[in-house]
Novice: 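My structure is below; once you've seen it, I'll send some questions.
Order of appearance sets the numbers: ligands from 1, and atoms from 1 within every ligand. What's counted below: heavy atoms across the whole structure, side chains too, no hydrogens, waters or symmetry copies.
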Amino acid sequence: MTDRLFPPLPAACGAFWAGRWHQPDAVLEVTDPENGRVVGRAGDCTAADVDEAVRAVADAVLAGPPWPTWQRREALHRAAAMLGERAPAFADLLSREGCKPIRDARREVQRAIETVRLSAEQADRLEGRTLPFGDTPRGEGRLGWYTREPVGVVAAITPFNDPLNLVAHKVAPALMGGNGVVLKPAEQTPLVALALIELLLDAGVPADRVAVLPGRGATVGAALVAHPRVDLVSFTGGYATGNAIAATAGAKKTMMELGGNGTVVVLPDADVRRAARAVVDGAFGNAGQNCLSVQRVFVAREVADELVELVVQHTTEVVVGSKADERTDVGPLIDEVSAERVASWVDEAVEGGAAVLAGGKRDGTYYWPTVLTSVPADARVLTDEVFGPVVSVEPFDSVDAVVTEINSLEYGLQAGVFGRDLDAALGVAQRLRVGAVMINDTGDFRIDAMPFGGGKRSGVGREGVPFAVEAMTEPKIIAIHRASQPV
Ligand code: NAP
């Protein structure tokens with residue numbers, strides 16, 4: 001990889017709270033997972049820092065002047081425009097500290113611009129309605145309405161795999177809702193999050209309403225979740241962490257975007273070429289480190305050989321390489337421990353009788369795009385979330401059995417169904433217990449405005465800009481009892 005210098009991002013070395021940048025004594029050294037080189041440093045904050053930060057944001061939101069909605073809209077529109085201007089620097093930084101090849105990093109920056117712009121546009125939707133007091137004798141003589149008000153302080157905790165857009169998905173809707181927000185980005189990818197907060201401040205977001213505290217999950221994350229002045233925890237990450245957060249958060253409002261194990265059903269009349277192409281794109285993008293990654297493909301026996309042949313062919317064409325190389329499709333996993341874990345899960349499947357049709361090779365943090373078949377039912381590559389570039393393809397004879405099997409899985413985020421007969425495809429889609437089904441595509445698709453999330457181990461509630469703004473605000477009623485009416 002060429003040693004490019006990213007344009008200076010002065011914020012990208014500390015933390016921000018109580019209206020100013022801080023340089024904590026301890027630092028997190030952020031390294032490029034491809035080669036171990038240091039990309040930059042961020043503060044390694046403490047629980048005491050969290051306490052100061054939350055109190056400062058809470059005081060600003062609860063005691064300070066409200067931030068007028070029109071100013072929120074203008075600041076977020078400005079931020080979206082500025083992110084567009086600074087897009088190359090953001091893409092470069094995102095790619096270096098994370099796992100995305102440069103083309104994917106550019107796409108993520110464009111998504112983040114869209115997320116911030118959509119958040120600005122929600123100003124129109126922060127509306128209430130009058131209440132039907134006249135519809136009951138007890139309401140006579142009263143007039144009232146509700147408005148949507150901020151919940152207060154939002155704690156945003158984010159993972160490493162989409163280190164910019166997932167931060168944008170929490171911070172921008174929280175601000176549009178009139179909240180204060182304290183962000184704890186992933187330990188491995190804090191720099192692009194710091195840069196985004198710096199940009200929001202430049203765009204006019206009041207400095208006392210936002211904070212970013214890089215640091216460890218067990219320290220900063222846990223202290224944030226436990227803090228009594230945090231009103232809502234918005235978390236994206238793994239199921240185990242989500243469980244720990246739920247136990248600590250107690251009765252606080254929580255939004256959880258957790259994992260998946262991406263299922264795809266290919267019906268006998270499907271366009272097999274289209275399905276094969278989409279499966280390979282969906283399985284190996286970001287080296288499979290994507291909650292929507294395609295992990296399990298159920299294909300009708302009649303077309304199974306054709307699909308498997310095409311999937312294997314496309315998989316061998318995937319370019320694995322340096323993230324800076326424009327030709328690269330698949331870069332590294334986030335660290336060597338993750339690559340070793342993926343390798344061990346594949347080995348376990350092979351010991352149980354699985355066949356490796358492509359890939360199955362590791363080199364440091366890289367794991368090659370891998371296609372498996374004949375995988376034993378209890379192998380973790382089937383039952384758990386791989387979060388790596390591994391897809392398993394199995395033929396089926398009964399659609400009903402496939403629906404039952406998918407519905408029995410512990411995850412239920414998104415799924416895909418391929419079939420030319422839309423009536424049949426729709427029949428399958430309607431029976432799957434997941435948050436979304438894409439017909440004639442894999443589940444690896446979303447737009448940032450749609451309600452996003454799933455059930456079971458995949459999450460609680462829905463993100464997606466309009467839905468996040470709604471979840472981060474509460475209806476508040478004001479009612480007038482006319483003085484001329486009896487008490
Ligand atoms: P993770 O290990 O759960 O970490 C996510 C965040 O939680 C990180 O900032 C982490 O800090 C923090 N954290 C760890 N322990 C904590 C605790 N006890 N209290 C509070 N915060 C804590 O997840 P990851 O490995 O970064 O990301 C991968 C997971 O995210 C996958 O399961 C993936 O499916 C899921 N994901 C879901 C979606 C979705 O929208 N459904 C999107 C993307 C990713 P450290 O970084 O310091 O550990």
Novice: Any N or O on Asn161 sitting closer than 3.5 Å to an N or O of ligand 1?
Specialist: no

Novice: Could you tell me whether Glu385 and ligand 1 have an N or O pair separated by under 3.5 Å?
Specialist: yes

Novice: For the backbone of Arg431 and the side chain of Asn407, can you confirm whether one donor and one acceptor N or O come within less than 3.5 Å of each other?
Specialist: yes

Novice: Using a 4.0 Å heavy-atom cut-off, say whether Thr236 meets ligand 1 through its side chain, its backbone, both or neither.
Specialist: both

Novice: Tell me whether the rings of Trp21 and Phe16 are parallel (<30°), tilted (30 to 60°) or perpendicular (>60°).
Specialist: perpendicular

Novice: Show which atoms of ligand 1 fall inside a sub-4.0 Å distance from at least one heavy-atom site of Ile245.
Specialist: 19 (N), 20 (C), 21 (N)

Novice: Could you tell me if the side chain of Met82 sits less than 4.5 Å from the side chain of Asp202, heavy atoms only?
Specialist: yes

Novice: Can you see whether Trp345 has Arg341 sitting over its ring - NZ or CZ less than 6.0 Å from the centre and within 45° of the normal?
Specialist: yes

Novice: After noting the C-alpha distance and the side-chain angles of Ser344 and Asp347, does the key distance pass the side chain to side chain donor-acceptor pair (under 3.5 Å) rule?
Specialist: CA-CA 5 Å; Ser344 74; Asp347 291 347; over 6 Å; no

Novice: Please determine whether a side-chain nitrogen of the Lys or Arg among Lys100 and Asp162 lies less than 4.0 Å from a carboxylate oxygen of the Asp or Glu.
Specialist: yes

Novice: Let me see the working for Arg148 and Glu474 under salt bridge (Lys or Arg N to Asp or Glu O under 4.0 Å), right down to the final yes or no.
Specialist: CA-CA 5 Å; Arg148 291 212 76 82; Glu474 302 278 8; 5.3 Å; no

Novice: Do Arg446 and Phe452 meet the cation-pi criteria used here (NZ or CZ under 6.0 Å from the six-membered ring centre, within 45° of the axis)?
Specialist: yes

Novice: Check if Ala240 has a non-hydrogen atom at a distance under 4.0 Å from any atom of ligand 1.
Specialist: no

Novice: Does ligand 1 come near enough to Phe387 that some N or O of the ligand is less than 3.5 Å from an N or O of the residue?
Specialist: no

Novice: For Asp25, does the CG atom have more than 12 heavy-atom neighbours from other residues, nucleotides or ligands under 6.0 Å away?
Specialist: no

Novice: With only distance considered, is Leu258 within less than 3.5 Å of ligand 1 through an N or O on each side?
Specialist: yes

Novice: Please examine the side chains of Leu292 and Phe445, heavy atoms only from C-beta on, and report whether any two atoms are closer than 4.5 Å.
Specialist: no

Novice: Quick one: nearest non-hydrogen protein atom to atom 11 (O) of ligand 1, plus distance?
Specialist: Lys184 NZ, 3.1 Å

Novice: Which atoms of ligand 1 sit under 4.0 Å from any heavy atom of Ala222?
Specialist: 19 (N), 20 (C)

Novice: Could you tell me the residue and atom name of the protein heavy atom closest to atom 12 (C) of ligand 1, and the distance to it rounded to 0.1 Å?
Specialist: Ile157 CG2, 3.7 Å

Novice: Below 4.0 Å, non-hydrogen atoms only: which portion of Ser458 touches ligand 1? Side chain, backbone, both or neither.
Specialist: neither

Novice: Suppose we measure from atom 35 (C) of ligand 1 to each protein heavy atom; which comes out shortest, and what is that distance?
Specialist: Gly237 O, 3.2 Å

Novice: If you take all heavy atoms of Gly331 and Ala287, which pair is closest and at what distance?
Specialist: O-CB, 3.7 Å

Novice: Quick check: does any side chain N or O of Asp231 sit under 3.5 Å from a backbone N or O of Val153, one acting as donor and the other as acceptor?
Specialist: yes

Novice: Show me which atoms of ligand 1 lie under 4.0 Å from any heavy atom of Pro185.
Specialist: 9 (O)

Novice: Just how far is it from atom CZ of Arg462 to atom CE of Met255, taken to the nearest 0.5 Å?
Specialist: 10.5 Å

Novice: Among protein heavy atoms, which lies nearest atom 40 (O) of ligand 1, and at what distance?
Specialist: Phe452 CE2, 3.1 Å

Novice: Any sub-3.5 Å donor-acceptor pair from Thr370's side-chain atoms to Gly359's backbone N or O?
Specialist: no

Novice: At their closest point, which heavy atom of Arg41 faces which heavy atom of Val27, and how far apart are they?
Specialist: CD-CG2, 4.3 Å

Novice: Measuring from atom CG of Asp448 to atom OG of Ser119, what distance do you get when rounded to the nearest 0.5 angstrom?
Specialist: 9.0 Å

Novice: Report, in ascending order of atom number, the atoms of ligand 1 lying under 4.0 Å from any heavy atom of Gly259.
Specialist: 32 (O), 34 (O)

Novice: Where does Tyr239 meet ligand 1, judged by heavy-atom distances below 4.0 Å: at the side chain, the backbone, both, or neither?
Specialist: neither

Novice: Distance under 4.0 Å to a non-hydrogen atom of Cys291: what atoms of ligand 1 satisfy this?
Specialist: 34 (O), 36 (N), 37 (C), 38 (C), 39 (C), 40 (O), 41 (N), 42 (C), 43 (C)

Novice: With atoms numbered from 1 as shown, which atoms in ligand 1 lie under 4.0 angstrom from a non-hydrogen atom of Gly215?
Specialist: 47 (O)

Novice: When only distance counts, is Gly238 in polar contact with ligand 1, meaning an N/O pair under 3.5 Å?
Specialist: yes

Novice: Checking a contact table here: which protein heavy atom is nearest atom 27 (O) of ligand 1, and how many Å away?
Specialist: Pro159 CB, 3.3 Å

Novice: Look at atom 18 (N) of ligand 1 and say which protein heavy atom is nearest, naming residue and atom and giving the distance to 0.1 Å.
Specialist: Gly217 O, 4.1 Å

Novice: Show me which atoms of ligand 1 lie under 4.0 Å from any heavy atom of Thr241.
Specialist: 1 (P), 2 (O), 3 (O), 7 (O), 13 (N), 14 (C), 15 (N), 16 (C), 22 (C)

Novice: Between Arg216 and ligand 1, which residue portion shows a heavy-atom distance shorter than 4.0 Å: side chain, backbone, both, or neither?
Specialist: backbone

Novice: Please confirm whether Gly454 approaches ligand 1 to less than 4.0 Å, judged on its heavy atoms.
Specialist: no

Novice: Which residue and non-hydrogen atom of the protein lie closest to atom 20 (C) of ligand 1, and at what distance in Å?
Specialist: Gly221 C, 3.3 Å

Novice: Need the ligand 1 atom indices (1-based, order shown) with element for anything under 4.0 Å from a heavy-atom of Leu166.
Specialist: 42 (C), 43 (C)

Novice: Specify the protein heavy atom at minimum distance from atom 48 (O) of ligand 1: its residue, its atom name, and the distance to 0.1 Å.
Specialist: Glu187 OE1, 3.8 Å

Novice: Return yes or no for this condition: an N or O of Thr158 is under 3.5 Å from an N or O of ligand 1.
Specialist: yes

